[in-house]
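Written below as structure tokens is the structure these notes are about.
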Amino acid sequence: MEAGKIIRIAALGDIHVKESDKGKWNHFFKDIAENADILVLCGDLTDTGHVQEAVLLGEELKGIHIPIVGVLGNHDYELDHQEEIRHELIKHNVQILDGESVIIKGVGFAGVKGFGGGFDKHMLPMWGEKMNKKYVQESVDESLKLDKALARLDDDIKKVVILHYSPIKATVIGEAEQIFPFLGSSRLADTINRRSVEVAFHGHAHIGSLQGETSKGVKVFNVSKPLLEKSGYKQGFLLYEIAL
């Protein structure tokens, strides 16, 4: 890869594609392809988790010739059809990560859905009833998957983390504080801090905040499409440049 080259990443999440959306997204994605080198999708790609919504999304992505990489979100898991949704999108050259990593145009991408659990001193501990422990274990497992994905990437390349749930509190502020434990987990940020990450993107918090950073200064962007539009991004995606 040519030194000094700029890679433009278009990032967004929470597009919530419906079966009635035929023809709605094609021009949107073509606009992204004209302005970016890579498209990052941060989950909630379908509205209700029906496979047919993923089929329609795949059709809308036809003719988009830039690489596409992303993760699924909680809506994509809603009907327990996440594997079928993933396979449908793979048919259309969308790389859906779930504890994997990939290098695209010299940039390393690692992705997981993530999970809730709360932030900082209010992070839920592993105690109490069995169901509470199970909830916390899911948060721990997602963080471990992310750690393994990042560990597969060489130290000398720029690393981008793709999530659905937030790794920090700053980018969910604006949502009701009572639901913060369901919007993300600081365990994800602990992993990001350990692995020399350049930037992280997530969605999920539609009325959160656009930008924050981890305790080690890693930039984090909430690229939920509804939030981006409310924040003045009329094109509906965030464009982030990485210098190689």
Side-chain angles (χ1 to χ4, degrees), residues 9-102 104 109-116 138 141-142 145-146 149 160-166 182-184 200-206 221-229 233 235-238:
I9 297 173
L12 74 152
D14 304 277
I15 56 178
H16 293 276
V17 171
K18 302 177 176 65
E19 290 186 54
S20 59
D21 280 353
K22 186 174 183 179
K24 173 181 176 179
W25 296 98
N26 187 259
H27 290 295
F28 173 75
F29 288 126
K30 284 183 176 178
D31 183 48
I32 289 176
E34 289 173 1
N35 289 279
D37 302 301
I38 302 169
L39 171 58
V40 164
L41 296 173
C42 292
D44 279 3
L45 310 181
T46 64
D47 191 49
T48 60
H50 281 89
V51 177
Q52 192 57 39
E53 294 170 337
V55 172
L56 190 143
L57 174 57
E59 291 293 318
E60 296 292 297
L61 287 166
K62 279 186 176 178
I64 308 304
H65 299 300
I66 63 172
I68 306 171
V69 60
V71 298
L72 299 183
N74 58 299
H75 278 247
D76 306 312
Y77 275 71
E78 188 168 341
L79 299 178
D80 205 28
H81 293 162
Q82 59 270 14
E83 287 305 316
E84 294 94 327
I85 289 171
R86 185 183 190 188
H87 291 149
E88 190 60 43
L89 294 174
I90 288 171
K91 290 180 188 177
H92 297 279
N93 299 314
V94 181
Q95 299 188 70
I96 296 295
L97 306 179
D98 183 22
E100 298 90 15
S101 56
V102 63
I104 305 173
F109 294 87
V112 296
K113 172 176 59 67
F115 200 61
E138 183 70 13
D141 289 346
E142 287 293 294
K145 282 199 300 185
L146 178 60
V160 175
V161 165
I162 309 172
L163 303 164
H164 182 61
Y165 287 79
S166 176
F182 306 102
L183 298 177
F201 301 108
H202 75 86
H204 194 41
H206 292 201
F221 291 94
N222 179 350
V223 293
S224 169
K225 191 171 185 292
L227 174 62
L228 289 175
E229 291 172 346
Y233 288 78
Q235 74 274 36
F237 60 91
L238 182 144

Checklist outcome for this item: Interatomic distance, CG@Leu238 vs CG@Leu227, rounded to 0.5 Å, equals 10.0 Å
Item to check | Reported CD-to-NE2 distance for the pair Glu60 and His27, which is rounded to 0.5 angstrom | outcome: 9.5 Å
Checklist entry - So which heavy atom on Asp44 is nearest to which on His75, and how close? => result OD1-N, 2.8 Å
Name the atoms and distances for all side-chain donor-acceptor pairs under 3.5 Å in residues 30-37, with sequence neighbours left out.
unit_1 : atom_1 : unit_2 : atom_2 : d
Lys30  : NZ     : Asn26  : OD1    : 3.3
Asp31  : OD1    : Asn35  : ND2    : 3.2
Asn35  : ND2    : Asp31  : O      : 2.7
Asp37  : OD1    : Arg8   : NH2    : 3.3
Asp37  : OD2    : Arg8   : N      : 2.7
Asp37  : OD2    : Arg8   : NE     : 3.3

Checklist entry - How close do Cys42 and His164 get, heavy atom to heavy atom, and via which atoms? => result O-ND1, 2.8 Å
Next on the checklist: Looking at every heavy atom in both Phe28 and Gly236, which two are closest together, and how far apart are they?
Outcome noted: CZ-O, 3.9 Å
Checklist outcome for this item: Heavy-atom nearest pair, Val71 first then Leu163, reads CG2-C, 3.7 Å
Checklist entry - Measuring from His87:NE2 to Gln82:CD, what's the distance to the nearest 0.5 Å? => result 10.5 Å
Checklist outcome for this item: When every non-hydrogen atom of Tyr165 is compared with those of His202, the smallest separation belongs to O-CB, 3.6 Å
Checklist entry - Does a side-chain N-to-carboxylate-O contact under 4.0 Å join Asp98 and Lys113? => result no
Checklist entry - Any side-chain heavy atom of Asn74 sitting closer than 4.5 Å to one from Phe182? => result no
Checklist entry - Which atom names give the shortest non-hydrogen contact between Ile15 and Trp25, and what distance separates them? => result O-CZ2, 3.4 Å
Item to check | Stepwise side chain to side chain contact (heavy atoms under 4.5 Å, CB included) check, Tyr233 with Leu12 | outcome: CA-CA 11 Å; Tyr233 288 78; Leu12 74 152; over 6 Å; no
Item to check | Minimum side-chain heavy-atom gap Ile68-Leu41 below 4.5 Å | outcome: yes
Checklist outcome for this item: Rounded to the nearest 0.5 Å, the NE2 atom of His16 sits from the NE2 atom of His206 at a distance of 3.5 Å
Next on the checklist: Any non-hydrogen side-chain atom of Val223 less than 4.5 Å from a side-chain atom of Leu228?
Outcome noted: yes
